[in-house]
Amino acid sequence: MDGPGRSEHGNGGAVTLSAQIGLQLGALDLQVDFEVQPGELLALLGPNGAGKSTVLRCLAGLAPIDSGEIRIDGTIVDNPVTDTLVEPEDRSVGFVFQNYLLFEHLSVLENVAFGLRARRTPKVSKAKARSVANDWLGRVGLADYAHQRPGTLSGGQAQRAALARCLATNPRLLLLDEPLAALDAGTRATVRRDLRRFLETFDGMRVLVTHDPVDAYALADRVAILDAGRIVQIGTLAEVTAHPRSRYVADLVGVNLVAGTVAGGVLSTASGATVVIADAPDGPSFAMIRPHSVALARVPADGSSTRNAWRGVIVDIDRLGDRVRVGMAGQLPLTAEITTGALDALALQPGEDIVASVKATDIEVYPS
Amino acid sequence: MDGPGRSEHGNGGAVTLSAQIGLQLGALDLQVDFEVQPGELLALLGPNGAGKSTVLRCLAGLAPIDSGEIRIDGTIVDNPVTDTLVEPEDRSVGFVFQNYLLFEHLSVLENVAFGLRARRTPKVSKAKARSVANDWLGRVGLADYAHQRPGTLSGGQAQRAALARCLATNPRLLLLDEPLAALDAGTRATVRRDLRRFLETFDGMRVLVTHDPVDAYALADRVAILDAGRIVQIGTLAEVTAHPRSRYVADLVGVNLVAGTVAGGVLSTASGATVVIADAPDGPSFAMIRPHSVALARVPADGSSTRNAWRGVIVDIDRLGDRVRVGMAGQLPLTAEITTGALDALALQPGEDIVASVKATDIEVYPS
Amino acid sequence: GSDDLAIPTSGSDVAGDVTVFAAASLTAAFTEIGAVFEAEYPEAAVVLNFAGSSDLVAQILQSAPADVFASADTSNMDRLVSASGHATEPSMFATNVAEIIVQPGNPLGITGVVDLANDDLIVVQCAPEVPCGRYAAEIYANAGVAVIPKSYEENVNAVVTKVRLGEADAGIVYATDVIGAGDAAQGVAIPADANVIAEYPIAAVADAANLVGAQAFVDFVLAAESQSILAAHGFRTP
Amino acid sequence: MSKRRGGGESLPVPVLALAVVAIAFFALPLIGLLWRAPWSNAWTYLTDDDALTALRLSMVCSLWATGLSVVFGVPLAWLLARGTFPGREAVRALCTLSMVLPPVVGGVALFFALGRRGIVGQYLDQWFGITLPFTTAGVVVAQTFVAMPFLVITVEAALRQLDTRFEDAARTLGASRWYIFRRVTLPSIRPALGAGAVLAWARALGEFGATITFAGNFPGTTQTMPLAVYLSLETNPEEAIVLSLLLIVISFGVLVGLRGRWMGRAEANMATVVP
Amino acid sequence: MSKRRGGGESLPVPVLALAVVAIAFFALPLIGLLWRAPWSNAWTYLTDDDALTALRLSMVCSLWATGLSVVFGVPLAWLLARGTFPGREAVRALCTLSMVLPPVVGGVALFFALGRRGIVGQYLDQWFGITLPFTTAGVVVAQTFVAMPFLVITVEAALRQLDTRFEDAARTLGASRWYIFRRVTLPSIRPALGAGAVLAWARALGEFGATITFAGNFPGTTQTMPLAVYLSLETNPEEAIVLSLLLIVISFGVLVGLRGRWMGRAEANMATVVP
Ligand SMILES: Nc1ncnc2c1ncn2[C@@H]1O[C@H](COP(=O)(O)OP(=O)(O)OP(=O)(O)O)[C@@H](O)[C@H]1O
Ligand SMILES: Nc1ncnc2c1ncn2[C@@H]1O[C@H](COP(=O)(O)OP(=O)(O)OP(=O)(O)O)[C@@H](O)[C@H]1O
Ligand SMILES: [Mg+2]
Ligand SMILES: [Mg+2]
C-alpha cells in the first residue's frame, strides 16, 4: 500500500508539483496546466462552477484525469497514457474539503486523530494521536468540543474541525478548498493567521481555492484565475491585480475595468462610451479605474481639472465600515467609493441620477 | 392542513414578528427576545455556534421552543405553555438553508418548482409552476442548469438554486441562513442586488443570518448581535456600529475596541496600557480607534501632534485592494490600516517591532 | 424366507447407537418402542430420525448414517432397495386402513365415501404423489364415486390438521391418525370391501454401521411386545 | 484500464477473498442442480401443463404479495422509523413474527386469524361470504404474511439512515407531510425500497409451508411452483430439479431486469449537498 | 405534549391507516395462537427435555449462521455495491437463489454441492474427512445458505445509499481501503447491518425445509426447534403451538433487546455535514 508518493516524501525534502490536467466532467471541460514550486502557495480563484474543486480532486487522485500528467516531486502520480495512477492514500496529500465531511460516528477528537491512526508509516500510538489531535483542536479553538459529535457543531466549528483533521496529518502536498469560507469575521482572522503560521513552516507546496480576496492576498504567492475550466490569468498577486484582464479579477480587486480601443488618447468602449486618458499607445486596451478615484456629484462639476464625466443611475449602495461603495449603471457602469460623510451630504438613494467623474491621470491603461 | 399561519397571511397585508425564544439544545442555551416590524429586515450576526441558525429553526417551527412565545402577525405560532404549535408548512415561512438541502432526485428546475406545487392554496398548475421556476432560475443565473441534478452543481450554483427555490414560493416570513456565503465575489454582488430588489417589494418581515458585514450593511435595517445564545447588542446599523460593545462587532466594523476605565482624560486598560483621550467623563468606558487613524512607524515620532504611541510586534498583514491592514500585538493590540505605498516604504514584515500612534482626537470614547 | 442373511442375535452383542429412520406417522409408536428396546438391550441406544418416507429415502441415498428404515409404504422401501440394496429382506411389521376423518360429533352426518361427492362439502385428501393420496383414489374407485377435494395435501398429517381446525369438513386418513387426533376429530369407518390396506415395511439398510443392532431392532419391532404398542396406536398386524 | 476509473473497485484483498467464498457458496448448489439435471427429457417436464399452470399462478400471486407488501409495508416502516408511541419495539418485533415461525405453524396461525373459524375469518365468512382458505386469495395472503417483513425492515433501515433535514426543507416550502412522503421521502429511499421489494418477491415466490397449510394445494387455484416441485420430489426428483431450475432462471431474469431500473446510484444518495 | 416534540410523529392519516392494517395483519395470527394455546399444560410441554434441547440447538445454530452471514455477506455486499466486474448483476441475482428455491430443493441442492457425493463435498470427505450432512455443522450450513441473502441485499442497499465522499476524505487522510472499510464504511452502515443481521437471524431461526433435508432430524445434533414443532404437529398439535409461541417469545426478546444497541439513529445519519 505504501506507494512511491508517501515513501519519497517521507524525507521531508522539497517537492514540486507540475500538473497538466485534461478532464471532461458533465458540463465542465477542464484544461489547465500549471506548476507549483517548493514552499510556494498557489491560490485558485474563479467564479462558481469554474472547476476549482475539481482541479483539487484531480491533484488528490480522487478524480483521475482523462489526459495530461500530474507529477509530484518528480514522481508521476497520474498519467492516463502510461496508465499510471497513484492512489490518494499513497500521495500524502492533505485535503480540506469545501464542506467538511467529518465522520459522524466519531467524536471531533477522533476525527482529528483519524489521519494519524490511519497511516501505517509512521505508526502512531492511540495515545500519541489523541494528544496531537488535542493540540490541533486547541489551535482551532475547539478544545471544549473534543468529545462532541461533529453533528452538534455549528457550520464554522465543523469547518475548523475539518481543518484541524487535515493539518494534523502533516501532509506533504496541501489542498485547501475554501478552508475559511464558513468562518465568521472574528474567527477567520485568527484561523487565517494560524494557517499562515503553519504554512510558513511547511516545505511542501500548497494549492488553495478561495472566494475571499483577503485570503488570497494574505496566503498566496501566486494566483491562478480559473474560468469555465480554463486559466485566464496566472502570476504573482502584483501582476494579476495590477492589470486585471477579466471582470472577475476586477471585482476581486475591487476596481472598475473598462475594455475598449485606444485611439489618440481616447478609449472608446463597445457601448460607445469614451474615456479620456493620459498618454497610452493606440490599440485594444483595458482601462482600470480605482473606485476611490471616482468622484460623484448631482451635477457635472464644470471647470474642474477633471476631464471625464459620465451620467448614470445608482443601482447599488454597499456600506463598508466608514466607506461606501456606490454602484452606477449607465453607458459606462462604474463603482465609486466615497466616505459615509460624502454619502450623507449627497443623500444618495438607489435609482437616482448621478454624475461620476475621474481624473484622466487616475486612469491606468494597458493593452489587452 | 391549512393552518392559521398561511390563510391569514394570504391577503398579503403587513405582518409583525415577535419572538421570545428560550431553548436548551446540547451545549447551547438560547435566550433571545426580539421584534421585527412590517417591511423590516433584521440581521442576526454572531460568532460560530452563537445559535443563529437555531433561532431561525425556531421561527420556522422546525425546532419547537422550550419557553417563551413566537407570534406572527398576531397569531401565536408557538407557545409551550398553551401547547400551541403551528406546523412549519402552515406558517408560510421561506427558509434558505445554510447548506442548500436541494432534493437530489429532482432536477434543479423541479427543485425550484417544488414549493409552488407543494402548497394546495393557491393551487398552481405544473406548467405555471415550471415557468415561474424558470424565471427564478434565470434571475439567479442558472437557466442553463435547469435540467441538471443538483449534485452536479458547484457549491455556489447549488446555493443559488436553493435561494431561487425559496423565493419562488413568495413566502410571508423570510428566513435566510447565510444565503450568500458560498457565492463568489462576482456573483455575490449581483445576487445581493437581486435579493435586495426582491426584498424591497416584500411587505413581510425578514430575518437574515450572515457573517458578511457587507450583506448586513446592504440588506439589514436593524442588526442583532448574538453571542452564546444571548443578544449582546441590537439596534440600527448606525447605533450598533457607531459604538461597538463587543469584540465581534469591532471586528465586523473593522475598528479597534479598547475596554478600560477613564480617569482624568486617560483611559487605562486591564493590561495596563494607557490611552490619552480627548475630554470624556470618568468611569468604565470603551475607546474606539479606526484603523486608518493609526499611524505606523519604526521609531516613535517625536514632536508630532500625536500624543499616543505604543510599541508592539507585527503579527498580521492583510492586503485588501490598495490598502493594507497591519495587525500589531503588544500591551495594546491594534490594527492599523495604511496604503500599499506606506507598507512598501516601511518594508514591514510579520514579527518586526513597530510603533503605532493615534491622535487623541481620532479616538472616540463612550461609557460601557 | 425372511432370514436368509439373518445373524443370530443375543443381548450381549447388541450395543451402541441404532439409528432408525422412520416415517413421520410412526413418531408416537416408535418413540415408545425405542424406549422399550433400550430397556431390553441396556448397551444399545436408539437414535430416531423421523421425516416423510421419501425424504428419508433421499437422505439414506445421500449416505445418511441409517441402520434401520421403517417406511409408511412399500413404494418408498422399493425405491431404496432397488437403489442401494438392503441388509435384510424388508418385512411388513404393520398395516393401516383408511378412514374418513370428520368433525367431532360428525355434525354433517357423513356416513360413507359416497357423501364426500357433495360439492358443498370441504373435502381434503393427500396428493396423488404420496401414498395416502393413491389410497384415497383407489377408495373412490372402489366406491364408484367421483370426489373433487378442495386440496391435495402434502401429507396425511396436513389433512388431519385441517379437519381438526375445522377448516375442512372431511378427509381420507389412516385409522391411526384418527386415534392420534383424540377427541379433536372422529372417524367414519370405510367398509372393508371398498377400503385399502397400507403396508409398513421395515428393513436394515445396506451399509448399516451397526448391523447387529439393526437386525435386533427389526426383530424387536416384529416381536409381540412392539406389536401391542403399535396396536395401541391403531396399527394392525399384517 | 479498470485502475483508471479510480473509485472503489480495487477492494482490499481480505474482503475480496471472503466475498469470493460467499459467491462460491451460492454458486455450488446451483451448479450441482445443473449438473444433476436430466437434460435429455427436461423439455417434456417444462412443457407439462401442470408445471406451466403452477408457474403462472406463482407469478401472479408473488407479484400480488409484493404489491400488498409495498402498499402496507412502507407505511408501517415509516411508522416504525418516525413514529414515537409506546410499544414501538414490540410492533417492530411483531413484524418478524412470520420469519421465526415455522412456515407450517404460520399457516396454522393464519387459520386462527382468517380461517373459517378464525378470529376475523368467521365474520368475513358470515358477513361477506369471503373465505380465504383454499382460494388463490389465500395464497396471496399467506405469501404476503411471509414476505412483508423483509420489505418493512429494509425500508425502515433506509428511513432511519435518511437525513431528515431534507424533509424539514420541504416543510418550510409548505409541503404537507403526505406530500413530503410522496415527493421527498419515497424517492430518496428508492434503492432500499427496490431491495426490499425484491426480497419480498423472492421470498413470496419460494414460499411453501404457509401456503400449502393455509391455502391448500389444488392445481390451477392454489398449487404454486414450490408446491408442485415439492410433490414431484416424492415421485420424480428429476422433474423437481428441472422445475426448480426453471424457477431460478425466471427469478434471475426478473432480478437482473429490474435491477437497473430500480436501484440506480444517482437516486440513492439523497444526502448530496454539493458535488 | 407529543405535539410539542415536533418532528415526524404526526403521520398523514392515509399512511397511518395502512400501517395499522399491516400491524393487525401480523398481530391477529399471533393472537390466534395465544387464543388456541393450551395454557393448562403449557408448562409441561415447555419443560420437556427434547423441547429444551431443540431450543438450545436452534439458538446456537442460528447465531452461528448469522455470524457467518455477516462475515461473508458484508464483503459480498460491498463487492456488489462498489465492485465493477462483468456479470455483477448475475452474481447479485445468484444471492437470492436460496430465497426462490423451495427449501427442500435447497437442501437437495446442498447435497449436490456439499453432500458426501457432492461436487465439493466428496473432497471435503476424502481429504479432510469432513462430512457436513446430518451434523450440527450441516444445520449451520443450511441455515446460512437460506439466511445470508437477506443480509447481503440489505447491506448492499445501504452501501449504495452511502455518500462516498466521506470515503474520499478518509483516503486523502492516508487510510488504506481496508482501514476505511473498517473505520468509516462499516460504522456508517451500522443500522442497515443491524437490520440485515436481524433478518438473517430470524430467517435462520425459522428455517425448516433445507435443514431437515440436508441435516436430518436427529434430537440433540440436528433437530432444531422448527423440526421439533413439525414432529409434534404429527403427534400433538397443542405442543406444536406452545413451542412455536416459545420460539416467538424468544425472538421478540432478542429483537427488542438488540434494537437499542444496534440501530441507534445517531450512527445512522453519516451524511450530516452540519447540524
Ligand atoms: N460529478 C459530476 N458530474 C457532472 N458534472 C460535474 C460533476 N462534478 C462537477 N461537475 C461540473 O463541474 C463544474 C465545476 O464544479 P466545481 O465544484 O469544480 O466548481 P467550483 O469551481 O468548485 O465552484 P464553487 O466555487 O462553487 O465550488 C460544475 O458546474 C458541474 O457542472
Ligand atoms: N441537534 C443538536 N444537538 C446538540 N447541540 C446542538 C444541536 N444543534 C445545535 N447545537 C448546538 O448549538 C450551537 C449553535 O448552533 P447553530 O448552528 O445555531 O450556530 P450558528 O450560530 O448557526 O453557527 P454558524 O454561524 O457556524 O452556523 C452549536 O454550537 C451546537 O453546540
Ligand atoms: Mg468548489
Ligand atoms: Mg448556522
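Just the heavy atoms: all of them, side chains too, but no hydrogens, waters or symmetry mates, feed the values below. To find a chain, count down the sequence lines: A is the first, B the second, and so on, and within it residues start at 1.
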If one checks every heavy atom of Leu114(D) against chain E at 4.5 Å, the contacting part turns out to be side chain

Smallest heavy-atom separation, Arg117(D) atom then Trp35(E) atom, equals O-CH2, 3.9 Å

Bottom line for Ile241(E): the part with an atom under 4.5 Å from chain D's heavy atoms is side chain

So, the part of Arg182(D) with a heavy atom under 4.5 Å from chain E: the answer is neither

The interface call for Ser62(D) against chain E, heavy-atom contacts under 4.5 Å, is neither

Rounded to the nearest 0.5 angstrom, the CG-CH2 distance for Leu16(D) and Trp78(E) is 9.5 Å

Minimal heavy-atom distance between Ala157(D) and Ala192(E), with the atoms involved, is CB-CA, 4.2 Å

Notebook entry, point to check: Is any side-chain heavy atom of Leu94(E) less than 4.5 Å from a side-chain heavy atom of Phe252(D)?
Noted result: yes

Closest non-hydrogen atoms of Pro29(D) and Ala113(E), given as atom of the first, atom of the second and distance, are N-CB, 3.7 Å

Okay, Ile119(D) and chain E: the region with an atom under 4.5 Å from a heavy atom over there is both

Greatest number of non-hydrogen atom pairs under 4.5 angstrom with chain E, of Glu207(D), Glu167(D), Met225(D), Arg203(D), falls to Arg203(D)

- Are any non-hydrogen side-chain atoms of Thr154(D) and Ile153(E) less than 4.5 angstrom apart? no

The interface call for Val71(D) against chain E, heavy-atom contacts under 4.5 Å, is both

So, the part of Val141(E) with a heavy atom under 4.5 Å from chain D: the answer is both

Q) Would you say the side chain of Val108(D) lies within less than 4.5 Å of the side chain of Ser244(E), judging by non-hydrogen atoms? A) no

* Could you check if a side-chain atom of Leu33(E) sits within less than 4.5 angstrom of a side-chain atom of Leu101(D), using non-hydrogen atoms only? => yes

Looking only at Val229(D), Leu227(D), Val20(D), most heavy-atom pairs under 4.5 Å shared with chain E are made by Val229(D)

Bottom line for Tyr230(D): the part with an atom under 4.5 Å from chain E's heavy atoms is side chain

- Task: Using a 4.5 Å cut-off on heavy atoms from C-beta on, say whether the side chain of Ile23(E) contacts that of Leu79(D).
- Result: yes

Checklist line | Aromatic plane relationship, Phe145(E) with Phe25(D) - under 30° parallel, 30 to 60° tilted, over 60° perpendicular | finding: perpendicular

Comparing Leu199(E), Val104(E), Leu205(E), Leu28(E) against chain D, the one with the most heavy-atom pairs below 4.5 Å turns out to be Leu199(E)

The interface call for Pro237(E) against chain D, heavy-atom contacts under 4.5 Å, is neither

Heaviest contributor of heavy-atom pairs below 4.5 Å to chain D, chosen from Ala22(E), Pro149(E), Pro14(E), Ala202(E), is Ala202(E)

Does the side chain of Phe26(E) reach to within under 4.5 Å of the side chain of Leu76(D), using non-hydrogen atoms?
yes

Pair count under 4.5 Å, heavy atoms only, with chain D: among Ala240(E), Ser98(E), Cys95(E), highest is Cys95(E)

Looking only at Leu80(E), Val74(E), Thr144(E), the option with the highest number of non-hydrogen pairs under 4.5 Å against chain D is Thr144(E)

In short, Leu18(D) meets Phe72(E) closest at the heavy-atom pair O-CD2, 3.5 Å

When the 4.5 angstrom heavy-atom criterion is applied to Ser58(E) and chain D, the contacting part is neither

Okay, Arg36(D) and chain E: the region with an atom under 4.5 Å from a heavy atom over there is side chain

Correct closest heavy-atom pair for Gly206(D) and Pro103(E) would be O-CD, 4.1 Å

